[in-house]
Amino acid sequence: MELMANNGRRSVKMKKGPTVGTGGHGRKALEGKGPTPKAEDRPYHKAFKNKQLAERSEAKRASGSRTTSTAARTGRSGPKGRATEEVVTGRNSVVEALRAGIPAKALHVAVRIEMDDRVKESLKLAAERGIPLMETGKPELDRMTDDAIHQGLVLQIPPYEYQDAYELAEETLEAWKKGHVANAPLFVALDGITDPRNLGAIIRSVSAFSGHGVIVPERRSVGVTASAWKTSAGAAVRVPVARAANLNNTLKAFKNMGIYVLGLDGDGDVSLPDLALATEPVCLVVGSEGKGLSRLVRENCDQIVSIPIDSAMESLNASMAVGISLYEISRQRAAK
């Protein structure tokens, strides 16, 4: 039908014709996502992890042996990590480090140093251990210590030789299978811990309860420093510390090897006294006191274990939590 517009022009009003359909493309959007999956089929549900644990345990019983998977090496790191060389400065610190048996490369003594009991004992201990004595001028000592107060005494510490985390786990598993190691492999991995005193105390606990090693990430983590050596009270000589290029990949690899990964956290799936995996190969993962376990590390754990304490307002620092957990695991292994 033709109509006359106000401006005198003619406009045509067309009748709306048939529209083109979607061809059924929107049908799926109307169908919904179907029924909600069972709890044991949801990857982030606790029941899913419990189901996986049961399946892995059943597979172990069926095979009657534990095997190491070469596919576990996905994401393997390169050469062994090396710590930077450091120095211990000051008369009190140097003599205490020498008493603790910290490995030393050389003892630098200032020219015409004023002798006291600490200097005399340091010289005596260094001579007994065969540590080279270097008479060094004050400008050089200032340069070595970045102008820190050294009181004419500087102990040079060599870099710590870290093992590879994968190799350490494989060697320990192999030795256990052959009967060269009495207890099932037991490791402690650190997630976000930066205090060397915590590392030293953890090394000491691992040594006390027959653990086989400590795993530290290459980045954003503490290393074996002079302070860690000192806090370990010599245990760092007996317990290997291994580096992991990526902690999450390492934990996945450990699981493929047959090592159960247990995270320590106050909000756990299982209480420590009820832990049923104590006699299996285990890697305990502990986070920092403030942040706890990181999200990805938590997701890679087979179980989250909590230590029952009397007050909900209290918390345990990393080294204390590890010590308590290692004691309980050791007790259960001895009972079995």
Side-chain angles (χ1 to χ4, degrees), residues 77-164 190 192-204 206-207 213-245 288 318-319:
S77 60
K80 296 178 182 179
R82 291 177 179 269
T84 56
E85 192 170 274
E86 64 170 318
V87 293
V88 179
T89 64
R91 300 188 180 191
N92 286 333
S93 298
V94 168
V95 72
E96 288 176 4
L98 289 169
R99 288 171 183 167
I102 293 176
K105 186 176 180 180
L107 176 61
H108 294 263
V109 185
V111 179
R112 294 188 294 276
I113 188 173
E114 182 179 346
M115 289 287 183
D116 62 10
D117 291 340
R118 295 167 297 177
V119 175
K120 291 177 182 178
E121 185 177 357
S122 297
L123 295 174
K124 179 176 178 292
L125 291 171
E128 290 174 351
R129 291 178 50 191
I131 299 171
L133 298 174
M134 312 289 291
E135 192 175 39
T136 310
K138 185 179 182 302
E140 178 62 16
L141 292 178
D142 292 340
R143 186 194 64 78
M144 291 175 59
T145 60
D146 291 328
D147 293 322
I149 298 174
H150 51 72
Q151 299 174 305
L153 216 55
V154 176
L155 187 65
Q156 196 172 1
I157 308 298
Y160 182 82
E161 293 289 338
Y162 294 94
Q163 285 193 239
D164 179 82
L190 310 188
I193 293 179
T194 56
D195 188 347
R197 293 169 296 182
N198 261 334
L199 172 58
I202 288 170
I203 292 172
R204 193 172 182 179
V206 171
S207 176
V214 177
I215 313 299
V216 296
E218 283 187 358
R219 294 178 296 174
R220 296 185 293 276
S221 177
V222 66
V224 183
T225 63
S227 179
W229 269 104
K230 181 180 174 182
T231 310
S232 76
V237 177
R238 301 183 295 274
V239 176
V241 178
R243 271 236 167 113
S288 62
S319 59

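All figures in this text were calculated on a predicted structure; none of them were measured in a lab. Each residue takes its place number in the sequence, starting with 1.
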Visitor: Nearest 0.5 Å please: distance from the CD atom of Glu96 over to the CD1 atom of Ile102.
Guide: 9.5 Å
Visitor: Please determine whether side-chain contact (heavy atoms from CB on, under 4.5 Å) holds for the pair Ser122 and Leu153, giving the CA-CA distance in whole Å, both sets of side-chain angles, and the decisive distance to 0.1 Å.
Guide: CA-CA 9 Å; Ser122 297; Leu153 216 55; 3.7 Å; yes
Visitor: Considering all heavy atoms of both residues, which atom of Ala235 and which atom of Arg204 are nearest to each other, and what is their separation?
Guide: CB-CA, 3.8 Å
Visitor: Say you draw a straight line from CE of Met144 to CG of Asp146; how long is it, rounded to the nearest 0.5 Å?
Guide: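 Separation between the atoms: 10.5 Å.
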Visitor: Using side-chain heavy atoms (C-beta onward) and a distance below 4.5 Å, is Val214 in contact with Val239?
Guide: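 Of all side-chain heavy-atom pairs linking Val239 with Val214, at least one is under 4.5 Å.
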Visitor: Taking all non-hydrogen atoms of both residues, which atom of Ala104 and which atom of Arg129 are closest, and how far apart?
Guide: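 Looking at all heavy atoms of both residues, the shortest contact is N-NH2, 4.0 Å.
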Visitor: Walk me through whether Val241 and Ile203 qualify under side-chain contact (heavy atoms from CB on, under 4.5 Å).
Guide: CA-CA 8 Å; Val241 178; Ile203 292 172; 3.7 Å; yes
Visitor: Let me confirm one number: the NZ-CZ distance from Lys138 to Arg112, rounded to the nearest 0.5 Å.
Guide: 13.0 Å
Visitor: Taking the side chain as every heavy atom from C-beta outward, state whether Arg118 and Asn92 have any atom pair closer than 4.5 Å.
Guide: yes
Visitor: Tell me whether the count of non-hydrogen atoms from other residues, nucleotides or ligands lying under 6.0 Å of CD in Glu114 goes above 12.
Guide: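 It does not: Glu114 CD has 12 such atoms or fewer within range.
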Visitor: So, the side chain of Glu86 versus the backbone of Ala226: is there a donor-acceptor pair under 3.5 Å, distance only?
Guide: yes
Visitor: For Arg143, is there an ion pair with Glu140 - N to carboxylate O distance below 4.0 angstrom?
Guide: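 The answer is yes: the pair qualifies as a salt bridge.
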Visitor: Given side-chain contact (heavy atoms from CB on, under 4.5 Å), test Leu123 with Val109 step by step and report yes or no.
Guide: CA-CA 9 Å; Leu123 295 174; Val109 185; 3.8 Å; yes
Visitor: Quick one: closest heavy-atom pair of Gly223 and Leu199, and the distance?
Guide: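 Looking at all heavy atoms of both residues, the closest pair is O-CD2, 3.3 Å.
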Visitor: For residues Pro196 and Thr231, determine if any side-chain heavy atom of one lies less than 4.5 Å from a side-chain heavy atom of the other.
Guide: no
Visitor: Can we say Lys120 and Asp116 salt-bridge, meaning some charged N sits less than 4.0 Å from an Asp/Glu carboxylate O?
Guide: no
Visitor: Are Ile149 and Thr89 close enough that some pair of their side-chain heavy atoms sits under 4.5 Å apart?
Guide: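 The answer is no, as the side chains (C-beta and beyond) never meet within the 4.5 Å cut-off.
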Visitor: So do Val154 and Thr136 actually touch side chain to side chain, heavy atoms under 4.5 Å?
Guide: no
Visitor: Would Ile202 and Leu190 count as a side-chain contact (heavy atoms from CB on, under 4.5 Å) here? Give the steps.
Guide: CA-CA 10 Å; Ile202 288 170; Leu190 310 188; 3.6 Å; yes
Visitor: Could you tell me which non-hydrogen atom of Met134 sits nearest to which non-hydrogen atom of Ala106, and how far apart they are?
Guide: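 Closest heavy-atom pair between Met134 and Ala106: CG-CB, 4.0 Å.
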Visitor: Check whether any side-chain heavy atom of Val119 lies under 4.5 Å from a side-chain heavy atom of Arg91, and answer yes or no.
Guide: yes
Visitor: Grab the two heavy atoms, one from Val206 and one from Gly213, that are nearest each other, plus how far apart they are.
Guide: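 Heavy atoms of Val206 and Gly213 come nearest at CG1-N, 4.1 Å.
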Visitor: Would you indicate whether the side-chain heavy atoms of Leu98 and Ile131 approach each other to under 4.5 Å?
Guide: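 Counting from C-beta outward, Ile131 and Leu98 do come under 4.5 Å.
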Visitor: How far apart are the closest heavy atoms of Tyr160 and Ala236, and which atoms are they?
Guide: OH-O, 4.3 Å
Visitor: Under 3.5 Å, is there a donor-acceptor pair linking the side chains of Arg238 and Ser207?
Guide: yes
Visitor: Looking at Tyr162 and Val216, would you say the former's side chain and the latter's main chain have a donor-acceptor pair under 3.5 Å?
Guide: no
Visitor: His108 and side chain to side chain donor-acceptor pair (under 3.5 Å): which partner among His150, Gln156, Glu135?
Guide: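 Checked His150, Gln156, Glu135 against His108; only one passes side chain to side chain donor-acceptor pair (under 3.5 Å): Gln156.
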Visitor: Taking the side chain as every heavy atom from C-beta outward, state whether Leu125 and Arg99 have any pair of such atoms under 4.5 Å apart.
Guide: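 When only atoms from C-beta onward are counted, Arg99 and Leu125 do touch, with a gap below 4.5 Å.
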